[in-house]
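Labels below follow one simple rule: chain letters A, B, ... track the order of the sequence lines, proteins then strands, and each chain is numbered from 1. None of these values were measured; they are calculated from a predicted model.
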Number of protein chains: 2
Amino acid sequence: MNQIDTPPRLYEWAGRKSAQPVDPALEGLVRDIIGAVADKWTMLILETLEAHGTMRFTELGHKVGEISQKMLTKTLRRMEADGLVTRKVHPVVPPHVDYTLTEMGRGLGAAFCSVWIWAETHHDEIEQARTAFAKRQGVAVVRT
Amino acid sequence: MNQIDTPPRLYEWAGRKSAQPVDPALEGLVRDIIGAVADKWTMLILETLEAHGTMRFTELGHKVGEISQKMLTKTLRRMEADGLVTRKVHPVVPPHVDYTLTEMGRGLGAAFCSVWIWAETHHDEIEQARTAFAKRQGVAVVRT
DNA sequence: CTGGATCCGGTTTGATACTG
DNA sequence: CAGTATCAAACCGGATCCAG
């Protein structure tokens with residue numbers, strides 16, 4: 001391991017490494033996992049599956065809320081690939097597919113739990129902060 | 001503007017509400033907060049600021065890693081609006097702006113901590129799951 | 001009929017160039 | 001140094017279409 005500092009991108013903005021001897025492989029992998037998991041739909045689906053247990057595709061979509069089929073499919077695929085959910089297809093007519101959290105998926109759900117609690121605890125403080133920020137900026141109607 | 005819904009056919013996919021009497025305002029707000037916070041860059045910036053304390057814009061960009069200026073700016077703005085960081089501008093000739101986590105921001109960082117631990121704990125299991133999934137899928141679905 | 005794959009249009013992100 | 005401006009690329013949502 002010598003001089004692996006080869007800049008992956010030529011532009012000088014990011015990609016600078018700190019001088020810390022962190023294992024780059026593990027670092028990158030953990031970062032990648034965070035990138036895959038720190039996603040709105042992933043969290044929402046995880047939460048829904050945790051709350052209701054095994055669910056079918058359409059039912060899951062309804063319970064999650066405003067999610068498109070495409071994102072539901074895509075997110076579930078990635079979660080399946082990462083070992084967070086198992087996908088079971090019953091070869092019947094009409095099709096029946098159900099999704100269940102794996103042990104690891106439940107673990108992630110538990111880990112995210114504190115974030116949900118944080119959100120519920122601080123929601124009004126966040127709203128105040130948003131209002132104050134909007135006022136400070138003059139015109140920034142962040143209404144969704 | 002009445003009656004114009006269902007133009008060809010209001011598609012029945014999402015937007016269904018569960019019959020549960022959950023406070024819709026709070027529900028939507030918490031969901032919105034999760035949507036804002038469950039973001040790759042938000043988590044990464046949060047982690048970096050938590051680890052290194054108050055930092056300047058460029059330094060933060062370097063430490064976070066492969067992030068573009070635009071996303072760094074944008075994410076920091078939203079975090080500021082949500083009250084997660086404070087942005088302090090020193091009116092000096094080379095501009096000097098530094099970012100610091102607020103109390104609430106540190107709270108969110110602590111909440112995310114368990115997710116980082118989860119990622120570090122299960123990284124090899126995830127890798128295995130990914131490999132297994134790729135092998136399972138990769139061979140079968142090769143089409144034209 | 002359910003699950004999901006595909007095409008199209010709008011939005012978001014990324015990479016570069018430029019400014020105070 | 002700390003951003004904006006700008007254009008291309010990737011992504012997301014919605015609708016349609018398809019397979020079992």
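- Distances shorter than 4.0 Å separate none of the side-chain N or O atoms of B/Y99 from OP1 or OP2 on D/dC1.
- Following rounding to the nearest Å, B/K70 (NZ) and D/dA5 (C1') show an atom-to-atom distance of 9 Å.
- Contact between the side-chain N/O atoms of A/R56 and the OP1/OP2 oxygens of C/dT2 is not found at any separation under 4.0 Å.
- Regarding contacts with the backbone of C/dA15, every side-chain N or O of B/S68 stays at 4.0 angstrom or more from both OP1 and OP2.
- Within residues 76-88 of chain A, the residues approaching DNA chain C are A/R77, A/R87, by heavy-atom distance under 4.0 Å.
- Distance, B/L72 CG to C/dT12 P: 19 Å, rounded to whole Å.
- For B/D39 and A/K40, the salt-bridge test fails: no basic side-chain N is under 4.0 Å from an acidic carboxylate O.
- Side-chain contact of A/H122 with A/E125: a donor-acceptor pair under 3.5 Å is present, judged by distance alone.
- For B/T73 and A/P95, each mapped to the nucleotide of DNA chain D holding its nearest heavy atom, the one lying further toward the 5' end belongs to B/T73.
- Across D/dA2, D/dT16, C/dC1, the shortest atom-to-atom separation from the side chain of B/T58 is found for D/dA2.
- A distance of 11.0 Å separates CG of B/L108 from OG1 of A/T121, quoted to the nearest 0.5 Å.
- When heavy atoms are screened at a 4.0 angstrom cut-off, A/V93 is found touching no nucleic acid atom at all.
- Closest-nucleotide positions on DNA chain D for B/E59 and A/K74 were compared, and the one nearer the 5' end corresponds to B/E59.
- Between A/R77 and A/D82 there is no salt bridge, since no side-chain nitrogen of the basic residue lies less than 4.0 Å from a carboxylate oxygen of the acidic one.
- The CH2-C1' distance, from B/W41 to C/dG14, rounds to 10 Å in whole Å.
- In this structure, A/F57 atom CZ and C/dC1 atom P are separated by 18 Å, rounded to whole Å.
- Using cut-offs of 30° and 60° for the angle between ring planes, the B/F57 and B/Y99 rings count as tilted.
- B/W41 has its side chain out of reach of B/L72: every pair of non-hydrogen atoms, C-beta onward, lies at least 4.5 Å apart.
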